[in-house]
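What you see below is based on every heavy atom in this structure, not just the backbone, and it leaves out hydrogens, waters and symmetry mates. So that the names make sense, note that chain A is the first sequence line, chain B the second, and so on, each numbered from 1.
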There are 2 protein chains.
Amino acid sequence: MSDLFQALAHPVRREILAMLRDRAMSAGDIAEAFDLAKPTLSGHFSVLKEAGLITAERRGASLIYRINLSVAEEAVAGLMALLRVAPGAAPSRRRKQAGGVR
Amino acid sequence: MSDLFQALAHPVRREILAMLRDRAMSAGDIAEAFDLAKPTLSGHFSVLKEAGLITAERRGASLIYRINLSVAEEAVAGLMALLRVAPGAAPSRRRKQAGGVR
DNA sequence: ACTATATTTCGGTCGTTGCCTAAATAGCGA
DNA sequence: TCGCTATTTAGGCAACGACCGAAATATAGT
């Protein structure tokens, strides 16, 4: 779970996930979308793969990356569980929350 | 949005949010739950407050922290939008995803 | 005004992350 | 096998984040 949030913490990695959400792409194609060196992107791929958010498949000389939907959903579910917010929750209908201090 | 994910990236901060989800607590009370120095926790509070995830209210010499549900929901909504996963989504009913590479 | 309590701000250390260039690896076609 | 393309690994450096102890600030009570 911690790896998941860690992976999601970097804007470039989130953008990569958003791109892969549309379609599978090669490392090179993804890299072209950013103004960063290829090795830097490769490092980001590594973090995402380690977290399980993406998978790689070799196709010729290229590596095709795809998003792993089940893990992505796990991330969302984990965050919802942590904050205990309902899915389609409207502007917070004030679920029961113990007074605590006040 | 980036501040939100950044704030959620640290396990201690996530735990703080989970605690505050139950009830509002003073800085000291929260600090007691961790084996960390007070200044360290104070730094975490600062990050969470900056992200809008918590708010502080002074009560005597103490500072009472509360979670900000609407921002918490915004975080969940943001993650769902990024990954485009449905809320109660079962084990991924394979939404349409362009073939892209194959 | 002084003291005690609660919390933050300050200054510094240390490990990690993000980025780069250069070099290594992997696959493919001639 | 050689050469070409695609991508990763290695090495190094600057910036950042997390942590601590000490000092500063804020509030309340005496």
Side-chain angles (χ1 to χ4, degrees), chain A residues 1-20 23-68 75 100-102, chain B residues 1-20 23-68 75 100-102:
Chain A
M1 190 90 268
S2 207
D3 289 345
L4 238 37
F5 285 109
Q6 196 59 42
L8 291 169
H10 198 288
V12 166
R13 289 195 289 265
R14 287 198 301 274
E15 181 61 27
I16 291 172
L17 288 174
M19 292 171 65
L20 292 180
R23 65 195 186 290
M25 294 174 76
S26 72
D29 286 349
I30 298 171
E32 280 182 2
F34 297 91
D35 191 26
L36 292 171
K38 300 257 183 68
T40 298
L41 267 299
S42 183
H44 286 306
F45 297 150
S46 174
V47 172
L48 288 169
K49 190 149 65 73
E50 202 65 29
L53 281 165
I54 63 175
T55 59
E57 177 204 351
R58 201 168 258 299
R59 175 158 297 262
S62 299
L63 274 180
I64 307 303
Y65 284 106
R66 347 180 95 77
I67 197 168
N68 185 337
V101 177
R102 163 74 56 142
Chain B
M1 188 93 273
S2 206
D3 289 345
L4 237 37
F5 284 109
Q6 196 60 43
L8 291 169
H10 199 288
V12 166
R13 288 194 289 265
R14 288 197 301 275
E15 181 61 28
I16 291 171
L17 287 174
M19 293 171 65
L20 291 181
R23 65 195 186 290
M25 293 175 77
S26 72
D29 286 349
I30 298 170
E32 280 182 4
F34 297 90
D35 192 26
L36 292 170
K38 299 259 182 69
T40 299
L41 266 299
S42 183
H44 286 306
F45 298 150
S46 173
V47 172
L48 289 168
K49 191 150 63 76
E50 201 65 28
L53 280 164
I54 63 174
T55 59
E57 177 206 352
R58 200 168 258 297
R59 176 160 296 262
S62 299
L63 274 179
I64 307 303
Y65 284 107
R66 337 180 105 78
I67 197 168
N68 185 337
V101 177
R102 152 87 60 158

Q | Verdict with supporting geometry, Arg59(A) and Ser26(A), side chain to side chain donor-acceptor pair (under 3.5 Å) | A | CA-CA 9 Å; Arg59(A) 175 158 297 262; Ser26(A) 72; over 6 Å; no
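The backbone N or O of Ala9(A) sits less than 3.5 Å from a side-chain atom of Arg14(A), completing a donor-acceptor pair. A donor-acceptor pair is defined here as one N or O able to donate and one able to accept, closer than 3.5 Å; no such pair exists between the side chain of Arg13(A) and the backbone of Leu8(A). Looking at Arg66(A), its side chain never comes within 3.5 Å of a backbone N or O of Ala56(A) through a donor-acceptor pair.
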Q.
I need a per-nucleotide contact map over nucleotides 7-14 of chain C, read 5' to 3'. Cutoff is protein heavy atoms under 4.0 Å; write B for the base, S for backbone only, - otherwise.
A. SBB-----
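For the atom pair NE2 of His10(B) and CD1 of Ile16(B), the computed distance is 9.0 Å after rounding to the nearest 0.5 Å. Asn68(B) CG to Lys49(B) NZ: the interatomic distance, rounded to the nearest 0.5 Å, is 12.5 Å. With values rounded to the nearest 0.5 angstrom, Phe34(A) atom CZ is found 11.5 Å from Thr40(A) atom OG1. The distance from atom CG of Asp29(A) to atom CG of Leu20(A), rounded to the nearest 0.5 Å, is 10.5 Å.
Residues Val47(A) and Gly60(A) each lie close to DNA chain C; by heavy-atom proximity, the contact nearer the 5' end of the strand is made by Val47(A).
Distances shown here put every side-chain N or O of His44(A) at or beyond 4.0 Å from the OP1 or OP2 atom of dT17(C).
Taking a heavy-atom distance under 4.0 Å as the criterion, the stretch of DNA chain D touched by chain B extends 5' to 3' from dA18(D) to dA28(D).
Summarising the geometry, the separation between CG on Asp3(A) and C1' on dT17(C) is reported as 15 Å, rounded to the nearest angstrom. Straight-line distance from the CD atom of Glu57(A) to the C1' atom of dG27(C): 14 Å, rounded to whole Å.
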